Amino acid sequence: MIPVQGYDGATVAVLGLGRSGLTAARALRAGGAHVLAWDDGAKGREAAEAEGFELRDPTAPGALDGVATLVTSPGIPHLYPAPHPAIAAAWRAGVAVDNDIGLFFRSLGWGDTAPRVVAITGSNGKSTTSALLHHILVQAGKRAHLAGNIGRGVLDLDPPEEDEIIVLELSSYQTELARSLTPDVAVFTNLSPDHLDRHAGFGGYFAAKRRLFAEGGPDRAVIGVEENEGLFLANQLQEATVDDRVIRVSSSKPEGPGWSVTARKGWLAETRKGRQLASVDLRGIAGLPGRHNHQNACCAWGAARALGLGPREIEAGLRSYPGLPHRSQRIAERGGVAFVNDSKATNVDAAVQALQAFERIRWICGGLQKEGGLDALHRHLHRVVKAYVIGREAPSFALGLGPGVEVEICGDMATAVAAAARDAQPGETVLLAPAAASFDQYDSFERRGEDFAARVAALAG
C-alpha cells in the first residue's frame, strides 16, 4: 500500500467504499490521516466499520467542519447530471474534493526516489493498450505494475522504487476530478461518444480526457490523431514542427517530419524526422486481431519508445502478448467456427472496430443502448451474415440496425449462442460485440462475457 502523504494529523472524509474508496481510506490512515468514511449503501459502511473507520454522513449538518479534503470514488457523479449531495456540501463548505488518482500523484514526490508513470486514457482501446504496454515492459525485464481502471487500485500498490514503471489506465471519471495529474508519459488512444450524461455532452467528455495533458503536462505524449480532438491535442502540446515530446499515432501515411507510429494494412511503422526506424507485421499476432488492436499496438509501441525501449524488445513483447479477456478474445473453435468474446465493446465505435476484424460474422449484439443511436454501425455491417440480438430492448435495437442485415431477436445469451452456433458455417466467426452496455441483464461487461464463454463451452458437451 502507498501511504498518502500530506495529510498527517488532518481529517479526511472518504465517500464511496467500493474497491478504490476503501483502499483510499486505508492509504490515508497509513499516511497519518484521521479518516471519516461513508457510503450510501449499508454494505459499504459495514465493511469500513469492521476495519475500524469512523462513520460520518458528510451531508449531516456540521459533518465537514474541520475536514481538509473529501475523497470520492469515480462512480459518484460530482457535477453532471447532478452533484452528489455530499460533494455539493463540500463545495459550499470550501472543502477540496479529490480522488484516489489525485492522492497517488500527490504522494509520489515525497520520497527520495520516484517511479516513472505512464497514464493511458481514451474512449476505446485503453485497457488493451495498458495491458499490452505492461506485458512489453515485463517481457523486456523491467519492473512494472498495472493499476488504475485495470488491475489493482493504484493506492493498493506497494510503495514504488525509482527503477519501477507504473502503467495506469484512467477513465474520464478519474481524470476529470483528480487534483494532481503528473505522469511522465501520457497516452490518448482515441475519442468517440461515451458517458455523455456524466459529462454534459461530447465537449465535456473531451475536456475530462484532456486534463491528463494539461495539469502539469507529461514529459512525453502519445496521441491518437484519427479524430480532430486528437489532432487538436497534439497541436497544443507540440512546440515546433519537429518536437520529440509528441508521438502521433494513426492509420495514415505520416505527414511532416515529426515522430509517428502508424498501422497500415497490418504493418506497424515508426517514423522520425522523415526516416523509418522500424516496421513490424502485426497480421499474424493472435493476441492483437484487427485494425483496432493494431492501433492499440501503435500506442503501446509509442509509449515503450518514450520509456527508452528498443524496437526489437518491443516487437518481442507484441508477439508474445496473449490478449485480454472480453476484448477480441478467441475462446473456442468448434467445427471450423471461431467464437470470439468482445463483451468490452460497450459502445458503437468499439463494436465497429470488432466488426472490421473478422470476415463472415454471426454477430451477437444488444443491451442497454447509449446516446447517439446505431446509425454509425450501418456502413460496417457488410461482413455480418446475421445478427442475433439480446437485451431487454432487443426489438428496438434490432430496428436500429436497419434493413441491411438479417436479424433474429433472441433476448438472452443462451438463445443467441445456440442460434448462432446452429447457423454458423465453417470459416465463420460467432462474435459477441454488443455495441451496448450490459446493465439491463448483467452487472458488468465481464459477467456478460463470462456468460457467453460458458454458453459456448456448453455447446461442446
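Keep in mind that this is a model prediction, so the values were computed, not measured.
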Mind checking the [atom1]-[atom2] spacing from [X] to [Y]? Nearest 0.5 Å is all I need.
{"X": "Glu227", "Y": "Ser250", "atom1": "CD", "atom2": "OG", "result": "11.0 Å"}
{"X": "Leu212", "Y": "Leu168", "atom1": "CG", "atom2": "CG", "result": "9.5 Å"}
{"X": "Ile136", "Y": "His134", "atom1": "CD1", "atom2": "NE2", "result": "11.5 Å"}
{"X": "Asp342", "Y": "Ile331", "atom1": "CG", "atom2": "CD1", "result": "11.5 Å"}
{"X": "Ser107", "Y": "Leu155", "atom1": "OG", "atom2": "CG", "result": "7.0 Å"}
{"X": "Ser171", "Y": "Ile120", "atom1": "OG", "atom2": "CD1", "result": "13.5 Å"}

(request) Could I get the full list of side-chain hydrogen bond (donor to acceptor under 3.5 Å, both in side chains) partners for Glu169, not counting sequence neighbours? (result)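 Only Ser127, Asn149 meet the side-chain hydrogen bond (donor to acceptor under 3.5 Å, both in side chains) criterion with Glu169.
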For the student: nearest non-hydrogen atoms of [X] and [Y], plus distance:
{"X": "Asn124", "Y": "Thr189", "answer": "O-OG1, 2.9 Å"}
{"X": "Met1", "Y": "Ala30", "answer": "SD-CB, 4.3 Å"}
{"X": "Val14", "Y": "Gly21", "answer": "CG1-O, 3.5 Å"}
{"X": "Ala351", "Y": "Ala433", "answer": "CB-O, 4.0 Å"}
{"X": "Ala398", "Y": "Val407", "answer": "CB-CG1, 3.6 Å"}
{"X": "Val35", "Y": "Ala25", "answer": "CG2-O, 3.7 Å"}

Spell out, as yes or no, whether a donor-acceptor pair under 3.5 Å connects the side chain of [X] to the backbone of [Y].
{"X": "Asp349", "Y": "Ser192", "result": "no"}
{"X": "Ser73", "Y": "Gly16", "result": "yes"}
{"X": "Thr121", "Y": "Leu170", "result": "yes"}
{"X": "Trp259", "Y": "Arg245", "result": "no"}
{"X": "Arg106", "Y": "Gln5", "result": "yes"}
{"X": "Arg56", "Y": "Ala63", "result": "yes"}
{"X": "Arg220", "Y": "Asp244", "result": "yes"}

(request) Hey, could you give me each pair passing salt bridge (charged side-chain N to carboxylate O under 4.0 Å, His left out) that has a residue in residues 144-156? Not counting sequence neighbours. (result)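 Every pair satisfying salt bridge (charged side-chain N to carboxylate O under 4.0 Å, His left out) with a residue in residues 144-156: Arg152-Asp156.
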Please list all pairs meeting side-chain hydrogen bond (donor to acceptor under 3.5 Å, both in side chains) that have one or both residues in [range], counting only residues at least two apart or in different chains.
{"range": "residues 434-443", "result": "Tyr442-Asp451"}
{"range": "residues 15-31", "result": "Arg26-Glu51"}
{"range": "residues 76-93", "result": "Asp40-His84, His78-Glu176"}

(request) Evaluate the criterion side chain to side chain contact (heavy atoms under 4.5 Å, CB included) for residue pair Leu191 and Asn228; output intermediate values, then yes/no. (result) CA-CA 9 Å; Leu191 197 74; Asn228 285 334; over 6 Å; no
(message) If we count only N and O atoms by modelled type, under 3.5 Å, do the side chains of Tyr205 and Ser123 hold a donor and an acceptor together?
(response)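 Result is yes, a qualifying pair exists.
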(message) Between Thr175 and Arg211, do the side chains contain a donor N or O and an acceptor N or O under 3.5 Å apart?
(response)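 Their side chains do not contain a donor-acceptor pair, so the 3.5 Å distance test is not met.
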(request) With the side chain counted from C-beta on, respond yes when Leu15 and Val71 share a heavy-atom pair under 4.5 Å apart, and no when they do not. (result)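 Not in contact.
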(request) List the steps and the verdict of side-chain hydrogen bond (donor to acceptor under 3.5 Å, both in side chains) for Asp57 and Thr59. (result) CA-CA 5 Å; Asp57 183 351; Thr59 65; 2.7 Å; yes
(request) Using a strict cut-off of less than 4.0 Å between a Lys/Arg side-chain nitrogen and an Asp/Glu carboxylate oxygen, indicate whether Arg447 and Glu450 qualify as a salt bridge. (result)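 Yes, charged N to carboxylate O under 4.0 Å.
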Can you list everything that forms a salt bridge (Lys or Arg N to Asp or Glu O under 4.0 Å) with [X]? Sequence neighbours excluded, please.
{"X": "Arg305", "value": "Glu270"}
{"X": "Arg45", "value": "none"}
{"X": "Asp163", "value": "Arg143"}
{"X": "Lys370", "value": "Asp194"}

Can you give each donor-acceptor pair under 3.5 Å made by side-chain atoms of residues 288-295, sequence neighbours left out, with the distance rounded to 0.1 Å?
unit_1	atom_1	unit_2	atom_2	d
Arg291	NH2	Glu226	OE1	3.2
Arg291	NH2	Ser251	OG	3.0
His292	ND1	Gln353	O	3.4
His292	NE2	Ser328	OG	3.1
Asn293	OD1	Asn296	ND2	3.1
Asn293	ND2	Pro289	O	2.8
His294	NE2	Leu288	O	3.4

(request) Kindly determine whether Val138 and Lys142 satisfy side chain to side chain contact (heavy atoms under 4.5 Å, CB included), including the steps that lead there. (result) CA-CA 5 Å; Val138 170; Lys142 307 296 183 183; over 6 Å; no
Report all side-chain donor-acceptor pairs from residues 93-105 shorter than 3.5 Å, counting only partners two or more places apart or in another chain.
unit_1	atom_1	unit_2	atom_2	d
Asp98	OD1	Arg179	N	3.1
Asn99	OD1	Ile101	N	3.2
Asn99	OD1	Gly102	N	3.0
Asn99	ND2	Gln174	O	3.0

(request) Give the intermediate values and the outcome of side chain to side chain contact (heavy atoms under 4.5 Å, CB included) for residues Trp301 and Leu318. (result) CA-CA 9 Å; Trp301 181 286; Leu318 293 178; 3.9 Å; yes
(request) Dump the intermediate steps for side chain to side chain contact (heavy atoms under 4.5 Å, CB included) on Val249 and Val222, then the final yes or no. (result) CA-CA 7 Å; Val249 170; Val222 180; 3.7 Å; yes
(request) Please report the C-alpha distance between Glu446 and Arg448 in whole Å, then the side-chain angles of each, then the deciding distance to 0.1 Å, and finally whether the salt bridge (Lys or Arg N to Asp or Glu O under 4.0 Å) criterion is met. (result) CA-CA 5 Å; Glu446 291 95 342; Arg448 179 170 59 189; over 6 Å; no
(request) Sequence neighbours left out, what passes side-chain contact (heavy atoms from CB on, under 4.5 Å) with Arg210? Give chain and number order. (result)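 Arg210 satisfies side-chain contact (heavy atoms from CB on, under 4.5 Å) with Phe206, Ala214, Phe232, Leu233, Gln236 once adjacent residues are dropped.
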(message) Can you see whether Tyr173 has Arg198 sitting over its ring - NZ or CZ less than 6.0 Å from the centre and within 45° of the normal?
(response)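 Cation-pi check for Arg198 and Tyr173: passes.
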